[in-house]
Visitor: 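Structure incoming, see below.
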Amino acid sequence: MTDVMAAGLGRMNNGGQRPRADPSAHATGVMSTKYHPREIEARWSAQWAEQELYEFQEHAARPKFYWLTMLPYPSGDLHIGHWYAMAPSDAGARFKRMNGYNVFFPIGFDAFGLPAENAAIKNNTHPKIWTYANIERMRRQLRSMGTMFAWKNEIISCDPDYYKWSQWTFLKFLERGIAYREHAPVDFCPSCNTTLAREQVIGEERVCERCETPVIKKALNQWKYRITDYAEQLLKFEDIEWPEAVRTMQTNWIGRSEGVEFDLAVDGRPGQTLRVFTTRPDTIFGLTFCVLSPEHPLVREVTTPAQRGAVEAYQAAAERKSEIERMADTQEQDGVFTGAYALHPLTGANVPIWIADYVLMGYGTGAIMAVPAHDTRDYAFALRYRLPVPPVIRPVGSAGANGEGLELPYTAKEGSEMCNSGRFDGLAWPRSFEAVVKELERRGIGERKVNYRLRDWLISRQRMWGTPIPVIYCKTCGMVPVPYEHLPVRLPDDAVFKPTGESPLKYHKAFLHVDCPCCGGPAERETDTMDTFICSSWYMYAYLSPYWKKGQRITADDVPWNRGVVDPWLPIDQYTGGIEHAILHLMYLRFYAMALADVGVMPPKAPVRRLFNQGMILGEDNEKMSKSRGNVVNPDALVRDYGADTVRAYLMFIGPWDQGGPWNPKGIEGMARFMNDVWYLGTPVEAEAAPAQDAEAARQLTGALHQTLAKVSEDYLAFKYNTLLAALMSFRNQLKAARPTLQGTPAWNTAIDGLLLMLAPVAPFITEELWQRRRPGESIHLQPWPRHDPALARTDAVTMVIQINGKFRDRMEVSPDVKAEEMQTLALERPKVQEALANRTVRKVIPVGNKLVNIVVQ
RNA sequence: GCGAGAAUGGCGGAAUGGGCAGACGCGCCAGACUUAGGAUCUGGUACCGAAAGGUGUGGGGGUUCGAAUCCCCCUUCUCGCACCA
């Protein structure tokens, strides 16, 4: 522990000890002023805010473009991860704006959540105070980043005028049957003291998404949203350009599988049936036993007295097992015989009914037909308890007519055919599936069924700092929704925070006790609050008319935003954010849009057209940044040393944005040098000697400008900031080389303007400063993107490569319009080529465009 | 186990409708200017070799005049899911 800390501190000291005393220091050249990023950045931040340069313009002649970055949680300080997420997003939005779009780029705070409550307990203050103090600090930091946020449209999700509408969505969903309350076993985090949605339980170890504590099961009365009703819709990704990875993850999470559900009669119990789900009806003749989940209600009914003791012991053990940590490596299939038998639906054979915890109550019917020859789990189970394992499918055309010699378990679908299955023998997949399903349907004991892995969204949280669920429980009237006119159900400002692990709302008398809206009698409020993912499921619409009907009494007919503004601005044209939200936020957001469309407040179209997921910025050690590792990079310190422009640009230069990558503390020096060069190149020079006329050099510089422009414009659209910056650096190198001959000429000035314009989205401060020094009073951020002229980008000579048998031999300059025959002649004339061709016969010469000739010999 | 993606110098990475591998930057080496250099400027920097030349994009095959790029097999790594019937 001590070692780790010492190492961590050492690293931090090292990282912080090299402030650049004067980052603008460079020796040569005529200098008017030095580059002082801190001074110019402070000045421009203030000025842009004052001029409202970036605020929302509902109507404009330019086409609308809704550019969105995921809203941050106000944790207190802006982390380098926030910079990595937001600075490139901002650059993209700025680029769109320069390209003639009316860009809306809002920001807000996802302000409910547990850290505020923990801080409240620790400091004995209200979470609201902690949260708003953090927001104030983060607003300043976000401004220092140079982002073009439309601050006037900011929303804060813990504001009652926001969560009033979150409550409204709950009431509407309740009316439509999308919200419901259920008593069932749910995932509970003993550290956060609250239940969690299935999506918030991570991995095999089943740990809490927030604190990594293993979750336990608890049976509780909880509110849920019927997201499973939208499973089919959620599987469709029409009209949206989302990364393949996200679509695959969501598709897998939803986990659609097609199969059949059918009944088996229980032997000796007329009328008693056992329902199972299977995706492999083609293997039904291999059914040699059934397995019930230990929690299955039928277990009590069918268990014979002789087996009762063993069965109950197993049930108790299974229950305990799900409450204790689930060990990864103990996936053994064990179970207990109930003593009862079911009848095979097609053969009438007796098959024993077992219970085993590898069958889950929450999936399908909680009961399975076991076909040990063709399912790995059933196979393991059968081996363990010496149950028969008859093969009933085999690879098409395989030798053994009845599957003899088949390696078991054989689980393939494609290329399999039925055997040992009476009149079904020889039927190949997928006809085998169809035939058995038809037979079960004909007998009236089963039907096709689609099952999903997706569960309904559990939204109740036993925490205080969240949106109160607007329902009241009355002894006489039962559950009563809070009338719309009474919204919002406000969180009390005087709740007492104690480390009891329970929500202070339960002990807040004024909050808890309420008159029933129905009968006027004494009643109690729901004290659970909503999952904070609800706040972030609709904030993108709220941005367009923030705190709609603020302070006003609302009715059932109101909608949560101004549709006149919101409808024309949908969908969100570009959304950017971390891949870690691939399932949670990005699936909930789609669900919310679908459900709200059903409620009738939104057009039924995809809410987010284009999505981009950035990668994660890692510590110097290539590990995830964390305080315990001591590899956290502090953006404020970097801004102090290098300026925001350099930090922004360096983060974009590290590598492809979607890839993320480790922080290299030395690497930023290169970007600082680049900014210094830009400063030096872009600062107007007074009274220079009359520039020499060098038409050829001027043409070359103009060519370089337009080549760079083509590359940079293309890269902005594809979020390829790293290569865009590399192109700008190359251009910088060319400018430095051309400076002695061209500085002050029209070609030079155009090139410098181009450099500043192309860099403006990435580095808004330095470009604004230099632009306005050249043209006082004009913001660079209101300039149109420079037009690319392919004619000017054209060079008058291209390099042609000469290969012999595909190997590089020589290169030469040729005209861009060179003809194929000419290329061949030129290539064969080269001395190096002649030399290499001595005593060899040329068989073929292959010219490629105007860039390469391959000579094939012998 | 299933699904998705990746593997290129000392490092981050460029180049994939096949056509000069290593753009750009970091680091490193040498030099210049300097009292000084962790500033700036100039040159160099994939590997082997004195050179000519040869070899190189995780490994092995293949297609092609030509492969980092396309096809097949394998290895390793990252991410997601995981007793889902």
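Order of the sequence lines fixes the chain letters, A, B, ..., with proteins taken first and strands second; residue numbering starts at 1 for each chain.
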Visitor: Look through every strand shown and name the nucleotide pairing with B/rC2 as Watson-Crick or G-U wobble, where both distances are under 3.5 Å.
Guide: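 When the pairing criteria are applied, B/rG80 turns out to be the nucleotide that pairs with B/rC2.
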
Visitor: Can you tell me how far P in B/rG22 sits from the matching atom in B/rG10, rounded to whole Å?
Guide: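 The same atom, P, in both gives a distance of 15 Å.
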
Visitor: Do the side-chain N or O atoms of A/Arg453 get closer than 4.0 angstrom to the phosphate oxygens (OP1, OP2) of B/rC81?
Guide: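 Answer no for this pair, as no side-chain N or O of A/Arg453 is under 4.0 Å from OP1 or OP2.
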
Visitor: Checking contacts here: which listed nucleotide (B/rG19, B/rA85, B/rG3) is nearest the side-chain heavy atoms of A/Leu852?
Guide: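 Nucleotide nearest to A/Leu852's side chain: B/rG19.
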
Visitor: Taking the C1' atom in each of B/rA4 and B/rG56, what is the distance between them to the nearest angstrom?
Guide: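 Here B/rA4 and B/rG56 have their C1' atoms 30 Å from each other.
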
Visitor: Write down the distance between CE (A/Met823) and P (B/rC20), rounded to a whole number of angstrom.
Guide: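 After rounding, the reported distance stands at 13 Å.
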
Visitor: Could you please name the partner base of B/rG22, counting Watson-Crick and G-U wobble pairs only when both distances are under 3.5 Å?
Guide: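 By the stated definition (distances under 3.5 Å), nothing pairs with B/rG22.
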
Visitor: Does B/rU69 have a Watson-Crick or wobble mate here (both distances under 3.5 Å), and if so which one?
Guide: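 Paired with no nucleotide.
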
Visitor: Reading RNA chain B from 5' onward, which residue's closest nucleotide shows up sooner: A/Ala367 or A/Ile583?
Guide: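 Whichever sits nearer the 5' end wins; that is A/Ile583.
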
Visitor: Between the side-chain atoms of A/Gln803 and the base atoms of B/rG19, is any donor-acceptor pair under 3.5 Å?
Guide: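 Counting by modelled atom types and ignoring angles, a donor-acceptor contact under 3.5 Å is found here.
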
Visitor: Once you round it to whole Å, what is the distance between P of B/rG19 and NZ of A/Lys844?
Guide: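 Answer to the nearest Å: 18 Å.
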
Visitor: By the 4.0 Å heavy-atom rule, please label A/Asn733 as base, sugar-phosphate, or nothing.
Guide: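 Counting heavy atoms under 4.0 Å across all strands, the contact made by A/Asn733 is with sugar-phosphate only.
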
Visitor: Would you mind pulling out the nucleotide paired to B/rA7, Watson-Crick or G-U wobble, both distances under 3.5 Å?
Guide: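 For B/rA7, the partner nucleotide comes out as B/rU75, under the 3.5 Å rule.
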
Visitor: Applying salt bridge (charged side-chain N to carboxylate O under 4.0 Å, His left out) to A/Glu447 and A/Lys449, what does each step give before you reach the verdict?
Guide: CA-CA 6 Å; A/Glu447 63 278 321; A/Lys449 182 81 199 277; over 6 Å; no

Visitor: Could you work out which one of B/rA21, B/rG66, B/rA85 sits closest to the side chain of A/Phe808?
Guide: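 Of the candidates, B/rA21 comes closest.
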
Visitor: For nucleotides 47-53 of chain B, read 5' to 3', which letter fits each nucleotide if B means a protein heavy atom sits under 4.0 Å from the base, S means only the sugar-phosphate is that close, and - means neither?
Guide: -------

Visitor: C1' atom, B/rA15 versus B/rC83: distance in rounded Å?
Guide: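 To the nearest whole Å, 46 Å.
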
Visitor: Pull out every protein N or O sitting under 3.5 Å from an N or O of nucleotides 11-18 of chain B, one pair per line with the distance.
Guide:
{"unit_1": "B/rG12", "atom_1": "O2'", "unit_2": "A/Ile654", "atom_2": "O", "d": "2.6"}
{"unit_1": "B/rG13", "atom_1": "OP1", "unit_2": "A/Gln659", "atom_2": "NE2", "d": "2.9"}
{"unit_1": "B/rA14", "atom_1": "OP1", "unit_2": "A/Asn722", "atom_2": "ND2", "d": "3.0"}

Visitor: How far apart are the C-alpha atoms of A/Arg448 and A/Phe433, what are their side-chain angles, what is the distance that settles it, and do they pass the side-chain contact (heavy atoms from CB on, under 4.5 Å) test?
Guide: CA-CA 11 Å; A/Arg448 279 160 203 286; A/Phe433 178 102; 3.9 Å; yes

Visitor: With the side chain of A/Val801 defined as its heavy atoms from C-beta on, choose the nearest nucleotide among B/rA39, B/rC20, B/rG19.
Guide: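 Output: B/rC20.
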
Visitor: So what does A/Val856 touch, heavy atoms closer than 4.0 Å: a base, only the sugar-phosphate, or nothing?
Guide: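 Counting heavy atoms under 4.0 Å across all strands, the contact made by A/Val856 is with sugar-phosphate only.
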
Visitor: Please find the pair of heavy atoms, one from A/Asn854 and one from A/Gly806, that lie closest to each other, and give the distance.
Guide: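 Residues A/Asn854 and A/Gly806, closest heavy atoms: OD1-N, 2.8 Å.
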
Visitor: Side-chain donor or acceptor of A/Asn854 under 3.5 Å from a matching atom on the base of B/rC65?
Guide: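 Answer is yes: a donor-acceptor pair is held.
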
Visitor: Tell me whether the rings of A/Phe612 and A/Phe719 are parallel (<30°), tilted (30 to 60°) or perpendicular (>60°).
Guide: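 Because their plane-to-plane angle lies in the 30° to 60° range, the rings of A/Phe612 and A/Phe719 count as tilted.
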
Visitor: Compare the minimum distances between each of B/rG19, B/rA82, B/rA85 and the side chain of A/Trp253, then state the nucleotide with the smallest one.
Guide: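 Output: B/rA82.
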
Visitor: For the side chain of A/Arg732, counting heavy atoms from C-beta on, which of B/rC83, B/rC24, B/rG19 is nearest?
Guide: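 Nearest to the side chain of A/Arg732 among the choices is B/rC24.
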
Visitor: Measuring only the P atom in each nucleotide, how far is B/rC73 from B/rG3? A whole number of Å is fine.
Guide: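 Each nucleotide's P atom is 13 Å from the other's.
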
Visitor: Are the aromatic ring centres of A/Tyr721 and A/Phe653 under 6.0 angstrom apart?
Guide: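 A/Tyr721 vs A/Phe653: aromatic centres not under 6.0 Å.
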
Visitor: Report yes if a side-chain nitrogen or oxygen of A/Thr376 is closer than 4.0 Å to either non-bridging phosphate oxygen (OP1 or OP2) of B/rG1; otherwise report no.
Guide: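 Checking A/Thr376 against B/rG1: no side-chain N or O falls below 4.0 Å of OP1 or OP2.
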
Visitor: Say you pick atom C1' in B/rU57 and the same atom in B/rA23; how far apart are they, in whole Å?
Guide: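 One C1' to the other, the span is 15 Å.
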
Visitor: Rounded to the Å, how far apart are A/Leu725 CG and B/rA23 P?
Guide: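 Taking atom P of B/rA23 as the reference, CG of A/Leu725 is at 17 Å.
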
Visitor: Does A/Asn631 use its side chain to pair, donor to acceptor, with the backbone of A/Ser626 at less than 3.5 Å?
Guide: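 Confirmed, A/Asn631 side chain pairs with A/Ser626 backbone.
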
Visitor: Please classify the nucleic acid contact of A/Arg198 as base, sugar-phosphate, or nothing, using heavy-atom distances under 4.0 Å.
Guide: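 Contact class for A/Arg198: sugar-phosphate only.
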
Visitor: Looking at A/Met758, is its backbone amide N or carbonyl O close enough to the side chain of A/Tyr716 to form a donor-acceptor pair, meaning the two atoms are under 3.5 Å apart?
Guide: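 Indeed, once roles are kept as given, a pair shorter than 3.5 Å links the two residues.
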
Visitor: Enter syn or anti for the glycosidic conformation of B/rG9, syn applying to angles within 90° of 0.
Guide: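 Here the answer is syn: the torsion falls within 90° of 0.
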
Visitor: With rounding to whole Å, what would you report as the distance between B/rA21 and B/rC28 at their P atoms?
Guide: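 The same atom, P, in both gives a distance of 29 Å.
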
Visitor: Report the distance from atom CD of A/Glu209 to atom C1' of B/rG80, rounded to the nearest whole Å.
Guide: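 Roughly 15 Å, once rounded to whole Å.
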
Visitor: Please, which pairs that meet side chain to side chain donor-acceptor pair (under 3.5 Å) have at least one residue in residues 647-659 of chain A, sequence neighbours excluded?
Guide: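 Matches after skipping sequence neighbours: A/Asp90-A/Arg648.
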
Visitor: Look only at the side chain of A/Asn451 and the backbone of A/Ser257, and say whether a donor-acceptor pair between them is shorter than 3.5 Å.
Guide: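 Looks like no, no N/O pair under 3.5 Å.
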
Visitor: NA contact type, A/Arg455, heavy-atom cut-off 4.0 Å: base, sugar-phosphate, or nothing?
Guide: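 If one applies the 4.0 Å heavy-atom cut-off, A/Arg455 turns out to touch a base.
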
Visitor: Nearest of B/rC20, B/rA85, B/rA4 to any side-chain atom of A/Thr248?
Guide: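 So the nucleotide nearest the side chain must be B/rA4.
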
Visitor: Which base, if any, makes a Watson-Crick or G-U wobble pair with B/rU40, both distances under 3.5 Å?
Guide: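 WC or wobble partner is B/rA32.
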
Visitor: Does A/Lys413 have more than 12 heavy atoms from other residues, nucleotides or ligands lying within 6.0 Å of its NZ?
Guide: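 Atom NZ in A/Lys413 is crowded, with more than 12 foreign heavy atoms closer than 6.0 Å.
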
Visitor: Of the nucleotides B/rG3, B/rA23, B/rA39, which one has an atom closest to the side chain of A/Ala726?
Guide: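 The answer is B/rA23, which lies nearest to the side chain.
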
Visitor: If only atom types and distance count, is the side chain of A/Glu714 paired as donor or acceptor with the main-chain N or O of A/Lys711 below 3.5 Å?
Guide: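 Checked: no pair found.
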
Visitor: Could you identify the nucleotide paired to B/rU64, looking across every strand shown and requiring Watson-Crick or G-U wobble geometry with both distances under 3.5 Å?
Guide: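 Paired with no nucleotide.
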
Visitor: Between A/Glu199 and A/Trp253, is a side-chain hydrogen bond (donor to acceptor under 3.5 Å, both in side chains) present by the stated rule, with each step listed?
Guide: CA-CA 9 Å; A/Glu199 287 78 19; A/Trp253 185 263; 3.0 Å; yes

Visitor: Of A/Lys851 and A/Ala727, whose nearest nucleotide on RNA chain B comes first from the 5' end?
Guide: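 By nearest-heavy-atom nucleotide position, the 5'-most residue is A/Lys851.
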
Visitor: If you look at every strand shown and take non-hydrogen atoms under 4.0 Å, does A/Val359 touch a base, only sugar-phosphate, or nothing?
Guide: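 Base: the residue A/Val359, judged by heavy atoms under 4.0 Å, touches a nucleobase.
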
Visitor: May I ask you to check if A/Arg384 and A/Tyr379 form a cation-pi contact, with NZ or CZ under 6.0 angstrom from the six-membered ring centre and within 45° of the axis?
Guide: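 No cation-pi geometry.
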
Visitor: Parallel, tilted or perpendicular: which one describes the rings of A/Tyr385 and A/Phe381, with boundaries at 30° and 60°?
Guide: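 Taking A/Phe381 first and then A/Tyr385, their aromatic rings sit tilted (interplane angle of 30° to 60°).
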
Visitor: Which nucleotide wins on minimum distance to the side chain of A/Arg811, given the candidates B/rA85, B/rC20, B/rG19?
Guide: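 Comparing B/rA85, B/rC20, B/rG19 against the side chain of A/Arg811, the answer is B/rC20.
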
Visitor: For nucleotides B/rG43 and B/rC48, find the distance between their P atoms and express it as a whole number of Å.
Guide: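 Comparing P positions in B/rG43 and B/rC48 gives a spacing of 25 Å.
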
Visitor: Once you round it to whole Å, what is the distance between C1' of B/rC20 and CD1 of A/Ile804?
Guide: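 The distance from CD1 of A/Ile804 to C1' of B/rC20 comes to 14 Å, rounded to the nearest Å.
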
Visitor: Look at the side-chain N and O atoms of A/Lys736 and state whether any lies under 4.0 Å from the OP1 or OP2 oxygen of B/rC41.
Guide: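 True: A/Lys736 side-chain N/O within range (under 4.0 Å) of B/rC41 OP1/OP2.
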
Visitor: Could you tell me how far B/rA6 sits from B/rG58 if I compare only their C1' atoms? Round to whole Å.
Guide: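 The answer is 11 Å between these two C1' atoms.
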
Visitor: Which nucleotide, in any strand shown, forms a Watson-Crick or G-U wobble pair with B/rC47, with both distances under 3.5 Å?
Guide: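 Looking at the geometry, B/rC47 pairs with B/rG54.
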
